[in-house]
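Okay, structure first, notes after.
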Amino acid sequence: TMGLESYLLYASFKKPVSQTEIKNVIENAGAKYLAAKSNIDPIDTYRHFYFEIRSDLGSTELEVLLSPGKSKVTSFSLRFSILSPSTVIDQTFSFLNKLKTSTSIKVFDADNNSKELNLNADEFKLNKDKVRKRQIVVNNKTGLVIEGGSATTNYIHDNNLMDKIWGQH
């Protein structure tokens, strides 16, 4: 389960993408396939394709999950750590906008009632809906290039940052 330590978006393809094509589609938009982390066969199991965009702007992680027997990808999730610099938003939206030039996608904000996003990074940063977790990232003028999940959770714990992060208004 995704926790408080990451901001989560998910994207759905208007036209499902075949398992054989998904790697190219996502890599062409600028994310790197993580072969060592992924497990992509056999077809009668759950398969995970992991990708990342990692730069000074932050770390954006992508996951494609295929259930047993399914060979077409209908959606994927993206996340970034709440410790990321606010530029991770620009990086993530830049990727999504590039992806949108090659295939029709809709993107939803899992941290804001699955609201559909129009992929405008500046508007996202304005945070009109006052999403607390989003504001934390927006406020990070500097941040860490760090994965979500346990990497972030452990960092917050080891550096006693819980109050600092969640106590800000």
Side-chain angles (χ1 to χ4, degrees), residues 1-13 17 19 21-41 45-67 70 73-103 105-112 114-117 119-121 124-125 127 131-140 142-159 161 165-166:
T1 55
M2 303 298 320
L4 293 171
E5 88 301 325
S6 298
Y7 204 93
L8 184 68
L9 307 174
Y10 59 96
S12 65
F13 293 106
V17 179
Q19 172 174 354
E21 281 297 298
I22 192 65
K23 214 174 123 222
N24 284 342
V25 168
I26 289 183
E27 285 199 312
N28 289 342
K32 184 176 171 270
Y33 176 61
L34 302 176
K37 199 178 168 187
S38 303
N39 55 305
I40 59 172
D41 43 45
T45 61
Y46 278 97
R47 283 143 294 142
H48 297 265
F49 295 72
Y50 292 102
F51 301 83
E52 74 169 352
I53 311 160
R54 195 183 183 91
S55 73
D56 292 343
L57 303 178
S59 168
T60 305
E61 300 170 275
L62 289 76
E63 181 186 358
V64 172
L65 173 65
L66 277 172
S67 52
K70 229 176 125 187
V73 177
T74 52
S75 65
F76 65 92
S77 61
L78 305 92
R79 74 174 181 182
F80 44 85
S81 164
I82 60 167
L83 298 173
S84 303
S86 62
T87 48
V88 77
I89 295 168
D90 304 277
Q91 170 172 279
T92 303
F93 278 63
S94 167
F95 163 81
L96 288 166
N97 279 302
K98 188 164 185 209
L99 182 62
K100 209 171 183 170
T101 61
S102 67
T103 181
I105 56 167
K106 283 185 167 186
V107 181
F108 303 92
D109 187 335
D111 278 304
N112 185 18
S114 299
K115 191 173 183 177
E116 188 178 348
L117 298 169
L119 300 192
N120 178 321
F124 185 83
K125 286 183 192 170
N127 196 14
V131 184
R132 183 94 186 271
K133 200 191 282 187
R134 187 190 303 182
Q135 198 57 49
I136 289 170
V137 179
V138 170
N139 291 348
N140 290 342
T142 59
L144 297 173
V145 178
I146 190 172
E147 294 78 25
S150 58
T152 292
T153 307
N154 293 342
Y155 187 93
I156 290 171
H157 182 261
D158 294 346
N159 294 279
L161 294 175
I165 292 168
W166 292 103

*Are Leu78 and Leu96 close enough, and set up right, to give a side-chain contact (heavy atoms from CB on, under 4.5 Å), and what steps lead you there?*
CA-CA 10 Å; Leu78 305 92; Leu96 288 166; 3.9 Å; yes
*Start with the C-alpha distance between Tyr46 and Ser67, add both sets of side-chain angles, then the distance that settles side-chain contact (heavy atoms from CB on, under 4.5 Å), and finish with yes or no.*
CA-CA 5 Å; Tyr46 278 97; Ser67 52; 3.7 Å; yes
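Looking at heavy atoms from C-beta onward, Val73 lies in side-chain contact with Leu66 at the 4.5 angstrom threshold. Looking at heavy atoms from C-beta onward, Lys23 lies out of side-chain contact with Ile40 at the 4.5 angstrom threshold. The side-chain heavy atoms of Thr74 and Phe13, taken from C-beta on, include no pair separated by under 4.5 Å. Between Val138 and Arg134, the closest side-chain pair of non-hydrogen atoms falls below 4.5 Å. By the 4.5 Å heavy-atom criterion applied to side chains, Tyr155 and Glu5 are not counted as neighbours. The closest side-chain heavy-atom distance from Ile26 to Tyr33 is not below 4.5 Å. By the 4.5 Å heavy-atom criterion applied to side chains, Val17 and Val64 are not counted as neighbours.
Note that the OG1 atom of Thr92 and the CG atom of Leu117 stand 11.5 Å from one another [nearest 0.5 Å]. Interatomic distance, Leu34 CG to Phe51 CZ, rounded to the nearest 0.5 Å: 8.0 Å. Atoms CD1 and CD, from Ile22 and Glu27 in turn, are 10.5 Å apart once rounded to the nearest 0.5 Å. If you take CG on Asp109 and CD on Glu116, they are separated by 11.5 Å, rounding to the nearest 0.5 Å. Rounded to the nearest 0.5 Å, atoms CG (Leu62) and CD1 (Ile53) are 5.5 Å apart.
In terms of the salt bridge (Lys or Arg N to Asp or Glu O under 4.0 Å) criterion, residue partners of Lys115 (sequence neighbours excluded) are, by chain and number, Asp129. Partners of Ser55 according to the side-chain hydrogen bond (donor to acceptor under 3.5 Å, both in side chains) rule, which considers only residues two or more places apart in sequence or in another chain, are Gln91. Checked against ring pair (Phe, Tyr, Trp, His ring centres under 6.0 Å), Phe124 has the following partners two or more places apart in sequence or in another chain: Tyr7, Phe93. Partners of Ile156 according to the side-chain contact (heavy atoms from CB on, under 4.5 Å) rule, which considers only residues two or more places apart in sequence or in another chain, are Ile82, Leu83, Thr152, Leu161, Met162, Ile165. Annotation: salt bridge (Lys or Arg N to Asp or Glu O under 4.0 Å) contacts of Arg47 (sequence neighbours excluded): none. With sequence neighbours left out, Asn39 forms a side-chain contact (heavy atoms from CB on, under 4.5 Å) with His48. By the side-chain contact (heavy atoms from CB on, under 4.5 Å) test, Ser84 is found to be paired with Phe80, Ser81, Val88, residues two or more places apart in sequence or in another chain being considered. Applying the side-chain contact (heavy atoms from CB on, under 4.5 Å) criterion to Ser102, with sequence neighbours excluded, gives Leu99. The side-chain hydrogen bond (donor to acceptor under 3.5 Å, both in side chains) check on Ser114 picks up Tyr10, with sequence neighbours excluded. Scanning for side-chain hydrogen bond (donor to acceptor under 3.5 Å, both in side chains) contacts around Asn127 gives Gln135, with sequence neighbours left out.
Ring geometry for Phe95 against Phe76 counts as perpendicular: the plane angle is over 60°, on a 0 to 90° scale with 30° as the lower cut.
Although no hydrogens or angles enter the test, the distance criterion places no donor-acceptor pair under 3.5 Å between the side chain of Asn140 and the main chain of Ser86. A donor-acceptor pair under 3.5 Å is formed between the side chain of Ser38 and the backbone N or O of Tyr50.
Of all heavy-atom pairs between Ile146 and Ala151, the closest is CD1-O, 3.6 Å. Across all non-hydrogen atoms, the minimal contact from Gly148 to Ser6 is CA-OG, 3.3 Å.
The salt bridge (Lys or Arg N to Asp or Glu O under 4.0 Å) analysis of residues 49-59, with sequence neighbours excluded, yields the pairs Glu52-Arg54, Arg54-Glu147. Within the structure, the salt bridge (Lys or Arg N to Asp or Glu O under 4.0 Å) test picks out the following pairs touching residues 84-100 (sequence neighbours left out): Asp90-Lys125.
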